[in-house]
Amino acid sequence: MGVAIRVAGETDRELVVRLLDEAFQDDPVSNWVFPTPAHRRAKHPALMAAFTDVVLAEGRIDLAEDGSACALWLSVPAAAQHDGGDGQGDAEDGPAELRAAVDPDNERVEQIGRLTAGVHPEGRAHAYLWMIGVAPERQGQGLGRALIESVLDRCDREGLAAYLEASNARSRALYERLGFEPEGSPLDLPGGPRMWPMWREPRPLVRD
């Protein structure tokens with residue numbers, strides 16, 4: 001399907017936060033971080049806002065022109081030191097700062113950052129798909145695939161790999177169809193769901 005895509009800016013911040021909040025309210029990982037529905041409704045938007053702010057400042061947010069889907073990307077150089085998924089410091093300080101800002105009494109906000117940082121590949125430059133969110137009423141219409149493919153096409157042209165962590169089996173199946181393969185062992189959250197680190201090597205360009 002044809003999807004008009006543009007790069008989001010600061011004026012799109014609230015739209016992106018709302019979109020991510022709605023898209024991930026029922027996600028297994030979000031449900032693990034915020035186990036009770038009332039707590040999740042209260043604190044989940046702040047976590048999505050923190051992620052949005054990091055990527056607006058340091059990466060790129062692709063947004064469907066009609067506001068129905070967004071993808072958050074970071075460009076990771078080969079020498080990067082991962083900071084636990086929040087862009088606010090080194091691997092020791094970042095997750096703790098995120099927890100303090102979002103939900104100080106919830107250790108899982110910090111834990112998810114440390115765990116995903118621990119499995120993130122090092123020493124290889126890549127595009128990191130941090131999150132992709134599609135409005136619940138528009139899911140299953142190919143919007144997410146269109147957003148991802150636009151960046152993967154660029155990765156192939158530039159010879160750049162891509163990486164992500166799939167948070168559910170449905171998204172994992174989509175990523176596999178796009179050329180991603182398991183990267184190391186799955187990440188089992190303590191007492192919670194499984195995540196799948198996935199890596200995609202750039203595909204050779206087909207020339208006429």
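What you see below is based on every heavy atom in this structure, not just the backbone, and it leaves out hydrogens, waters and symmetry mates.
- For Leu189 against Ile112, the heavy-atom pair with the smallest separation is CD2-CD1, 3.7 Å.
- Going from atom CD of Glu65 over to atom CD1 of Ile5 covers 10.0 Å, rounded to the nearest 0.5 Å.
- Using modelled atom types and a 3.5 Å distance limit, the side chains of Glu165 and Tyr175 yield no donor-acceptor pair.
- Here Leu129 contributes atom CG and Met198 contributes atom CE; the two are 11.5 Å apart, rounded to the nearest 0.5 Å.
- A search for side-chain contact (heavy atoms from CB on, under 4.5 Å) contacts involving Asn168 returns Asp27, Pro28, Arg170, Ser171, not counting sequence neighbours.
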#### Entry: Arg99/Gln111 under side-chain contact (heavy atoms from CB on, under 4.5 Å): CA gap, chis, key distance, verdict
CA-CA 9 Å; Arg99 173 182 175 179; Gln111 194 173 18; over 6 Å; no
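- Using a 4.5 Å heavy-atom threshold, the side chains of Cys70 and Leu20 count as touching.
- The two residues Ala161 and Trp199 come nearest to each other via the heavy atoms CB-CZ2, 3.2 Å.
- Between Arg6 and Asp62 there is no salt bridge, since no side-chain N of the basic residue sits under 4.0 Å from a carboxylate O of the acidic one.
- Sorted by first then second residue, the salt bridge (charged side-chain N to carboxylate O under 4.0 Å, His left out) pairs that include residues 180-192, not counting sequence neighbours, are Arg124-Glu183, Asp188-Arg194.
- Residues satisfying the side-chain contact (heavy atoms from CB on, under 4.5 Å) test with Ala127, not counting sequence neighbours, are Trp73, Cys155, Leu160.
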Leu72 vs Val54, side-chain contact (heavy atoms from CB on, under 4.5 Å): CA-CA, chis, key distance, verdict: CA-CA 10 Å; Leu72 280 62; Val54 169; over 6 Å; no
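- Side-chain atoms of Arg108 come within 3.5 Å of backbone N or O of Trp32 as a donor-acceptor pair.
- Between Arg18 and Glu14 there is no salt bridge, since no side-chain N of the basic residue sits under 4.0 Å from a carboxylate O of the acidic one.
- Residues satisfying the salt bridge (Lys or Arg N to Asp or Glu O under 4.0 Å) criterion with Asp21, sequence neighbours excluded, are absent altogether.
- Across Val102 and Ala46, no two heavy atoms sit closer than the pair CG2-O, 3.9 Å.
- Between His120 and Tyr163, the ring center distance clears the sub-6.0 Å criterion.
- For Arg172, the salt bridge (Lys or Arg N to Asp or Glu O under 4.0 Å) criterion is met by Glu176, not counting sequence neighbours.
- In this structure, Leu115 and Pro190 have side chains that are in contact, with non-hydrogen atoms separated by less than 4.5 Å.
- Summarising the geometry of Ser30 relative to His44, their closest heavy-atom pair is OG-NE2, 3.0 Å, with the distance given to 0.1 Å.
- In this structure, CG on Leu15 lies 9.5 Å from OG1 on Thr52, to the nearest 0.5 angstrom.
- When only modelled atom types and interatomic distance are considered, His39 and Asp103 share a side-chain donor-acceptor pair under 3.5 Å.
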- Message: Let's go through Asp53 and Arg13 carefully: what are the C-alpha distance in whole Å and the side-chain angles of both, what is the deciding distance for side-chain contact (heavy atoms from CB on, under 4.5 Å) to 0.1 Å, and is it a yes or a no?
- Response: CA-CA 8 Å; Asp53 289 341; Arg13 180 184 183 273; 2.5 Å; yes
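- Taking every heavy atom of both residues into account, Leu98 and Phe51 meet most closely at CD2-CE2, 3.9 Å.
- Counting heavy atoms from C-beta outward, Leu187 and Trp196 have side chains that stay 4.5 Å or more apart.
- Distance CZ/Arg138 to OG/Ser68: 4.0 Å, rounded to 0.5 Å.
- Aromatic ring orientation, Tyr128 versus Trp130: parallel (interplanar angle below 30°, classes split at 30° and 60°).
- We find the CD1-CG distance between Ile132 and Leu19 to be 10.0 Å, quoted to the nearest 0.5 Å.
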Result block: side-chain N/O donor-acceptor pairs under 3.5 angstrom for residues 146-154, not counting sequence neighbours:
{"unit_1": "Glu149", "atom_1": "OE2", "unit_2": "Arg145", "atom_2": "NE", "d": "3.0"}
{"unit_1": "Ser150", "atom_1": "OG", "unit_2": "Leu147", "atom_2": "O", "d": "2.8"}

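- Within the 4.5 Å cutoff, the side chain of Glu58 has heavy atoms near those of the Leu74 side chain.
- Ala8 and Leu56 make their closest contact through O-CD2, 4.1 Å (heavy atoms, listed as atom of the first residue, atom of the second, distance).
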Decide side-chain contact (heavy atoms from CB on, under 4.5 Å) for Val109 and Phe34; before the verdict, give the C-alpha distance in whole Å, the side-chain angles of both, and the deciding distance to 0.1 Å.
CA-CA 8 Å; Val109 173; Phe34 305 106; 4.1 Å; yes
